[in-house]
Amino acid sequence: MQRLSGIGVSGGAGAGRAVVLIQRAQVLRFSIAASQIGAEIARLEQARQRSAAQLDRIQLRLPGHDLRTLFEAQRLMVDDPMLLPRAASIVGEQRINAEWALQQVFDHLGSVFDGVEDPYLRERKGDLADVVGRLRMNLTPGGAGFRDVLGVCEAPCVLVADELPPSIAAQLDWTKFEAFITDAGSRTYHTAILARSLHVPAIVGLHDATARIAPGTMILVDGDEGAVSIEPPLEVVEKARAASEQRRRTGPPFHDHTARSLKTADGVDIRVEANVDLLGDAAFAIAQGAEGIGLFRSELLLAGRPADELTEEMQYEMYRQLLEDVRPAPVTVRTFDIDEDQLASGEHRRDTLWAAGYEVPRSRLGLRSIRLTLKRRELLRSQLRALLRAAAHGDLRVMFPFVSGIEELREARSVLAEARQEIGARGAESGPLRVGVMIEVPSAAFTADLLAAECDFLTIGTNDLIQCCLAVDRTDERVSHLYEPLHPAILRLIRHIRRAAARRKVPLSVCGEMASDPAVLALLVGMGLSQFSMTPAAIPVARRVILDMDFRELRAIAARALTLETAPEIEQYLSDALTHRRMLERY
Ligand code: PEP
Ligand code: MG
């Protein structure tokens, strides 16, 4: 039995046969039953026909002989007996899905091209990749995507992915998957956050699990220990499940239901709300001790459907239900935080791009969040109309994500005014909606005073703020170790924002994952922050930490921590200081 270790981001144990998803290459690998072979081969043939027809159309549209010749070569590849017929044989021989068989053929032919002396011929590997990409896309026509392909996997499975975007994770049938593990990621990885909402055991940051675990292998995922066991004996699986169950039963219970509002031991008011990704989790969050929903990630309402299918009416009902689920507690909805890829209905958009012959690079720093919704104004306006109408039924707030400066806030507010006018013109009812800004971009942090002057509240989204400030992509496993919440730059930036908000007398909260760590939470309280929103599972411990702590002591600890020069020094100091004062040992 081999063991891999990573970062356990969602507790519990799960075991099953590995289904491997290479998301970056858009390849899914899993074993199939003998009865499934014919259907997989038929998918290959269907992909061949669709690809051939598309390439014929492209050639007709293209001007110039040279370009046409290029696509003629691709057209020939589609029918080459070395490509699809070979993939079909592999499906039968190895009993694997069509995507994986096609990838094997591509890997083999690609290595042949690599070995060729002639540079012109070597470059034809690019054409082959293009053709294989098209065939792969046409294996799941009509934007069916991974979710539908995964439908044929036999439960129980464990998903092993290089990375797992939340939009895919949110659509999977989790009754089939006992757990998931990824090469990429950190605790603040969006899918890690989602895993905790879904109560699916998960481990991230494994670096090369997709290379080391063959599809179909039995694996055990222990999310509490951050350990993956490959081909474990049955008794090990049973033991891990029992231990996890035991931990869950004896875990820190939430004892202070009677006093929902919180104070430190020396009487300073602190407020803890919850980050919620799925509508159904709001009530769970309140049961964990949340005083409200501090962040509802509304973009997950879009997962699995084109944006225009999520109507104003549907959203109105959902936001109203959310308010009802937590009444009288407040709800803060952030407007869609998505990028272009997530907005487009995945496969369909790729189809358009492939047909046009180019790919658009994706970037988390590109057209996303408020930048995107300000361009797609009707999308934002209809969301705001739904929110304004729902606001008549409870204490609702809206916040704009990834704002980089005051102009974006002003523009977003003018869209809000337009939405209100539209509702008024219909004679429909709307309610008061407090408006906030998420501070996630360093430029917003440095101009927090300007933003505070024109909104009702600020929320520090530390997950993005840390990655933007330290220039570390939280999903890139090669640099994710540099993602450091206790970096002096981050602490100074938070201090700067806190001072700006205090000067303007505007409420400020922290809604990134940073506050879920009890020691860091103590530090933030010591720095003068008094409102937090975190993943529901972290709330019971956070409440106990706050009730036990003395603000004056924390203030002294924070003041000293802010004089230190490196994150490890700050971490060590914090741990020593809190343990010395017996503040953390029980958590
Ligand atoms: C954040 O960036 O801290 C945040 C809460 O937003 P998300 O993690 O959803 O990007
Ligand atoms: Mg963010």
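Read the numbers this way: they start at 1 and go in the same order the structure lists the ligands and their atoms.
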Location of contacts on [X] toward ligand 1, heavy atoms closer than 4.0 Å:
X: Glu513; result: neither
X: Met534; result: neither
X: Ile460; result: neither

Residue [X] vicinity, atoms of ligand 1 by number, heavy atom under 4.0 Å:
X: Thr462; value: 3 (O)
X: Gly512; value: 3 (O)
X: Leu295; value: 5 (C)
X: Arg334; value: 6 (O), 7 (P), 9 (O)
X: Arg297; value: 5 (C), 7 (P), 8 (O), 9 (O)
X: Gly461; value: 1 (C), 2 (O), 3 (O)
X: Cys511; value: 5 (C)

Check this for me - ligand 1, Arg368, N or O atoms closer than 3.5 angstrom, yes or no? no
Quick check: does Glu299 get an N/O under 3.5 Å from an N/O on ligand 1? no
[X] and [Y]: side chain donor to acceptor below 3.5 Å:
X: Tyr316; Y: Glu312; answer: no
X: Asp337; Y: Ser369; answer: yes
X: Glu569; Y: Thr566; answer: yes
X: Ser298; Y: Gln383; answer: yes
X: Ser509; Y: Thr459; answer: yes

Distance check, rounded to the nearest 0.5 Å: Ile494 atom CD1 versus Ile466 atom CD1? 6.5 Å
Out of Thr535, Asp277, Leu465, Asn463, who is nearest to atom 3 (O) of ligand 1 when you count heavy atoms only? Asn463
Looking at Asn463 and Glu513, would you say the former's side chain and the latter's main chain have a donor-acceptor pair under 3.5 Å? yes
Can a donor-acceptor pair be found, under 3.5 Å and without considering hydrogens, that links the side chain of Arg495 to the backbone of Met527? no
For Phe457, is the NZ or CZ atom of Arg434 found under 6.0 angstrom from the centre of its six-membered ring and inside 45 degrees of the ring axis? no
Given the ring of Tyr573, does Arg560 sit roughly above its face, with NZ or CZ under 6.0 Å from the centre of the six-membered ring and within 45° of the axis? yes
Is the distance between the Mg ion (ligand 2) and the nearest N/O/S atom of Asp464 smaller than 2.8 Å? yes
Which atom name does Glu440 have for its N/O/S atom nearest to the Mg ion (ligand 2)? OE2
